[in-house]
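What follows is a short report on a single structure.
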Amino acid sequence: MVANLKIKRSYLFFPDKEKEGDGYKPDAKLRLRVRWSGRKVDFNVGYRVKLSQWDTQTQRCRVKTTNLQKQSATLINGAIQAFETAIDNVFTAFELEGISPTPDQIRAKFNLLAGRKSEHEIQPTKTFFDYFDDFTKEEGALNNWSRGTYVKFQNTRNHLTAYNPGLRFEDLTEAGLSNYATHLREVKNLQNSTIIKQIKLLKWFLRWATTKGYCQTLDYINFKPKLKTSEKKIIFLDWPELMTVYNHELTNKTLERVRDVFCFCCFTSLRYSDVANLKRSDVFDSYISLTTIKTADSIKIELNKYSRAILDKYADQQYPGNLVLPVISNQKMNDYLKEVGKLCGIDQPVTITYYRGNERIDEVYPKYELLGTHAGRRTFICNALMMGIAPQVVMKWTGHSDYKAMKPYIDIADSAKVEAMKLFNR
């Protein structure tokens, strides 16, 4: 509480324009927007006004006019004055109580003082997680999220709920965010790199909530937990390994098909989502041309003798949706790929290093246990660069628009060249 609190505020009445065709509807809902202390809240006044009859200077309807519902300017302007008086009384009440109110507190007290609802009838205000659901719905539709992105944010919501089912925006101060990071590490047992990703996803939501006026706590902007991380290891097959997998005789037809689809990715750079969607209409004599699922890029990839041979192998087969190859689900393909890798002897030890808090953890796996569909795309990029193909050319095939995304692969190619040159010293 603050004695003799004075809350500086501003009121804006405005018609909330609604899109219609290339322009706007001739009338709109009349709203009141209240701003104070970096916060805001909107109210629906309950009337519609004609845009042509609204005076933005006086924030009133022009005298002797009526709206499309035949309601007079006198009636609507009287409602505006009543709203202004009521909201001013709300702030005065909080000033007397020495409280700097939140938007939810302003809305609840306004409804009570304006007689809109009795104290027992006041609907519960939206919770933090209601806003989170609004965020995923709105941003998902606006940005055409993939199923994977929705899953990521659902995981974030689950982590936040487990941390504090009654979480509020005002809880996410620097200390609150730090406690949340500690919860993810000590209770959820997450790796540091995963915690950093979770904080980034939470920040995305909080930025959205700030622009909407729901979140007034801005500590998240500069919050960056100091967590040790290691570079993510890029798992790929070098050329001899790729040839081993490509040429290996597999008696199990399912494993053979999985191997062929995977190798096709290794020879074309396609992601799983794109090879699973590749149609016969995308295939031409010397190249494939498609629009990628993830980024909607239009790419053209020339065929080589290996990718051509795989296409020829399945040319006489018919698959649903006029698809080119027998692609199964991503999860099953990842499982079978590990079997394929084991049968092919792709068992070079690979050390995966990560941190949990300050603890460094080194885990060693045979390479086949780390194989997944995305290793196909990485295999193409790494081998292409090691063959001396210019990064700019590789980026044309892969659809990468930014050199930064290619740098880890270029570093691998440079390292491989150094090791290869050492062979001359033997």
Side-chain angles (χ1 to χ4, degrees), residues 235-294 297-346 367-368 370-387 389 393-400 409:
I235 304 300
F236 71 100
L237 301 183
D238 61 29
W239 189 257
E241 289 172 329
L242 177 55
M243 288 297 99
T244 297
V245 172
Y246 178 73
N247 292 308
H248 193 86
E249 287 291 332
L250 292 167
T251 56
N252 182 301
K253 281 295 179 185
T254 299
L255 295 184
E256 181 184 2
R257 290 169 181 165
V258 166
R259 183 270 311 278
D260 291 343
V261 172
F262 175 70
C263 284
F264 189 78
C265 295
C266 294
F267 294 124
T268 61
S269 84
L270 289 185
R271 298 181 180 91
Y272 168 83
S273 57
D274 293 322
V275 75
N277 193 56
L278 189 67
K279 297 177 175 60
R280 296 195 181 278
S281 56
D282 299 324
V283 179
F284 300 85
D285 288 340
S286 60
Y287 63 92
I288 57 177
S289 178
L290 66 148
T291 300
T292 62
I293 298 293
K294 181 177 180 180
D297 291 323
S298 295
I299 57 173
K300 175 182 176 182
I301 303 172
E302 285 71 22
L303 295 170
N304 51 50
K305 69 177 184 178
Y306 301 103
S307 54
R308 177 80 264 176
I310 294 170
L311 289 175
D312 290 344
K313 180 175 178 178
Y314 295 93
D316 296 331
Q317 303 297 316
Q318 295 295 320
Y319 301 110
N322 203 29
L323 298 179
V324 175
L325 295 172
V327 185
I328 60 176
S329 74
N330 198 1
Q331 183 176 350
K332 287 184 178 179
M333 188 165 170
N334 284 333
D335 292 339
Y336 287 133
L337 268 177
K338 292 169 176 52
E339 286 188 48
V340 170
K342 186 175 184 179
L343 289 170
C344 295
I346 309 300
K367 185 184 278 189
Y368 66 80
L370 302 173
L371 288 181
T373 55
H374 204 63
R377 181 172 169 85
R378 291 167 176 159
T379 293
F380 175 90
I381 297 171
C382 291
N383 281 290
L385 292 171
M386 284 189 280
M387 289 174 185
I389 300 173
V393 175
V394 178
M395 290 167 70
K396 287 282 187 182
W397 287 322
T398 62
H400 281 114
Y409 300 103

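With hydrogens and angles left out, the side-chain atoms of Thr373 and Asn330 include a donor and acceptor closer than 3.5 Å. Asp260 and Tyr314 are linked by a side-chain donor-acceptor pair at a separation below 3.5 angstrom, with hydrogens and angles left out of the test. Side-chain atoms of Lys332 and Asn334 form no donor-acceptor pair, as typed in the model, at a separation below 3.5 Å.
Contact detail for Asp285 and Leu303: the closest heavy-atom pair is O-CD1, 4.0 Å. What you find for Asp274 and Thr292 is that their closest heavy atoms are OD1-CA, 3.3 Å. Listed here is the closest heavy atom pair of Leu343 and Leu250: CD1-CD2, 4.0 Å. Here the closest heavy-atom approach between residue Cys344 and residue Val245 is recorded as SG-CA, 3.9 Å. A pairwise comparison of heavy atoms in Ser307 and Phe264 identifies O-CE1, 3.6 Å as the closest pair. The minimum heavy-atom distance linking Asn277 with Asp282 is given by the pair O-OD2, 4.0 Å.
Here the side chain of Arg271 pairs no donor or acceptor atom with the backbone of Arg377 at under 3.5 angstrom. Using a distance-only test at 3.5 Å, with no hydrogens or angles considered, no donor-acceptor pair links the side chain of Ser273 to the main chain of Ile293.
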Stepwise side-chain contact (heavy atoms from CB on, under 4.5 Å) test for Ile299 and Thr398: CA-CA 8 Å; Ile299 57 173; Thr398 62; over 6 Å; no

side-chain contact (heavy atoms from CB on, under 4.5 Å) assessment of Phe262 paired with Met333: CA-CA 9 Å; Phe262 175 70; Met333 188 165 170; 4.0 Å; yes

Check against side-chain contact (heavy atoms from CB on, under 4.5 Å), Ile310 and Leu325: CA-CA 9 Å; Ile310 294 170; Leu325 295 172; 4.1 Å; yes

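Other residues, nucleotides and ligands contribute at most 12 non-hydrogen atoms within 6.0 Å of the OH atom of Tyr336.
Each of Ile288, Leu278, Val275 was scored for a side chain to side chain contact (heavy atoms under 4.5 Å, CB included) with Val324, with one residue passing: Leu278.
A salt bridge is absent between Glu339 and Lys342; no separation between the charged side-chain nitrogens and carboxylate oxygens falls under 4.0 Å.
Sequence neighbours left out, the pairs with a member in residues 238-248 that pass side-chain hydrogen bond (donor to acceptor under 3.5 Å, both in side chains) are Glu241-Lys367.
Both tests do not hold together for Lys338 against Tyr368: distance to the six-membered ring centre under 6.0 Å, angle to the ring axis within 45°.
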